[in-house]
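As structure tokens, the structure follows; a few thoughts come after it.
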Amino acid sequence: MNQDRTLDSKTLSLEFSSFRPFDRKRLLAISKGALGGGPQLFIDALEVYLESWANSDWVEEYEIERVGIWIAENCHGLIASRAGMLASLQIESDRTNRRKTYYALRKGLTSSRAERVARSIAQDSELVVELDTKTVRIFGEVVPLTTKEFGIIELLSLRKGRAVSKETLLNYLYDGMDRPASKIIDVFIAKLRRKFALRANGKEFIETVAGSGYILRDSDNPIETKINQPRQRA
Amino acid sequence: MAEVLPPDIFGTLRLPSRIDSWENRKPASLAILNESLGQSLLNWAASVNNRLLWISATNTNFIWVMDQEGVVHIAVEELAELEDGTKVIGIPRRAKLSHKSQDKKLGHPTLIEGRAARIAGQLFLDGPESGPLNWYIDDNSGRYCRELKPSTENKSSVLSLFRSYIGGNVIFDDGYWTPT
């Protein structure tokens, strides 16, 4: 991380404004007390960001809602709760843009919870592997994976219900070029299990089959594999 | 060779929810996404191997809109006016220089003269500090995608289209996840 960056709430507030993936990573780290920050700095920066909108002559509510959803889905409950308190203190303001700003934050914070519940009910699969977009979701939430991790889950999902050997996985990932030792597959599997368990209350999706390799569980809830085929030109 | 997909799979046509008074002209950088432009963008990302280019690349934001026929119009996100009302032409907006509320910019509707669009969003390079950069797209257009949110299929289709032009590593940023 660049050590030249100033760690103050005003500077940090601009990362809520930019809100690219690695801005969010930095914000999340600061909310956890990494990089010399902490929950208070995070909340202060959020407030600076919101106040800039509240005092402006126009409001991009869509942007603020996204911040609210991200906080609810990624940050500690304490942070989400404090953000909710910020919203509740301002939501009845008689100034339109102030009201719009904090209402958008509250909408993001709360709709994300509602959507998560709705998704977990509506979703017919706990684990969805979208091959076309290279995306894995658990109860609708995207699980960030590296290319190799996705490669493993991709092959397991294409052969779900059947054991896939480490040798086959190695061939699939490395295409016969500069193959590392097969132990690397165990490392990738361990990382995948950790990422899935975090989002599925510890539930296991990948089972080890002694002597055969790994299998994607396909029993209580079907694991869904989606392939969006582009339509061909007429 | 880029795949030509029927435009309806990218989303229902929708008009912009708002056009600001200063959005009365096209961005100076306006272009059409095609194979030639896609190759240039691909080459640009590949050339970022030092701090000088990293700073330049990560401070640029492109906005794009897909029109009724499925053509993607793209431009650098440009300012329309400075705070004192001075009109400016071809000046990129710097996302981290000021709060968004302070910028009067040429937003998505200016790319297609306020007409209806199927989907719209941003294109940008992002990555770890001084590390390798990746192309990202999103559907973050308050004017075109807030009221009528694109479906998963719409997002997937537009991602495939961008990948066909600027390479298979483009990621769709839904805004709600955090890189590990």
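In what follows, every chain begins at residue 1, and chains take the letters A, B, ... in the order their sequences are listed.
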With heavy-atom distances below 4.5 Å as the criterion, would you say the side chains of A:R20 and B:F124 are in contact? yes

Given a strict heavy-atom distance threshold of 4.5 Å, which part of A:K195 is in contact with chain B: side chain, backbone, both, or neither? side chain

Is it the case that atom CZ in A:R106 sees more than 12 heavy atoms from other parts of the structure closer than 6.0 Å? no

Between NZ of B:K155 and OG1 of A:T135, what distance do you get to the nearest 0.5 Å? 10.0 Å

Region of B:Y136 that comes under 4.5 Å of a non-hydrogen atom in chain A: side chain

Do the non-hydrogen side-chain atoms of B:E129 and A:R26 ever get within less than 4.5 Å of each other? no

Could you tell me whether the side chain of A:W58 reaches within less than 4.5 Å of the side chain of B:R18, counting heavy atoms only? yes

Could you tell me which portion of B:L133 (side chain, backbone, both or neither) has an atom closer than 4.5 angstrom to a non-hydrogen atom of chain A? neither

Taking atom CZ of A:F188 as the centre, does the number of heavy atoms from other residues, nucleotides or ligands within less than 6.0 Å exceed 12? yes

Supply the atom-to-atom distance A:W70 CH2 to B:D174 CG, rounded to the nearest 0.5 angstrom. 13.0 Å

Is it the case that atom NZ in B:K26 sees more than 12 heavy atoms from other parts of the structure closer than 6.0 Å? no

Could you go through the side-chain contact (heavy atoms from CB on, under 4.5 Å) check for B:C145 and A:Y62 one step at a time? CA-CA 9 Å; B:C145 298; A:Y62 189 52; 4.2 Å; yes

Interatomic distance, A:S18 atom OG to B:D126 atom CG [nearest 0.5 angstrom]: 7.5 Å

I need the B:S141 OG to A:E60 CD distance, nearest 0.5 Å. 8.0 Å

Is there a side-chain contact between B:P179 and A:P21 (heavy atoms, below 4.5 Å)? yes

Atom of B:G175, atom of A:F19 and distance for their closest heavy-atom approach: O-CE2, 3.9 Å

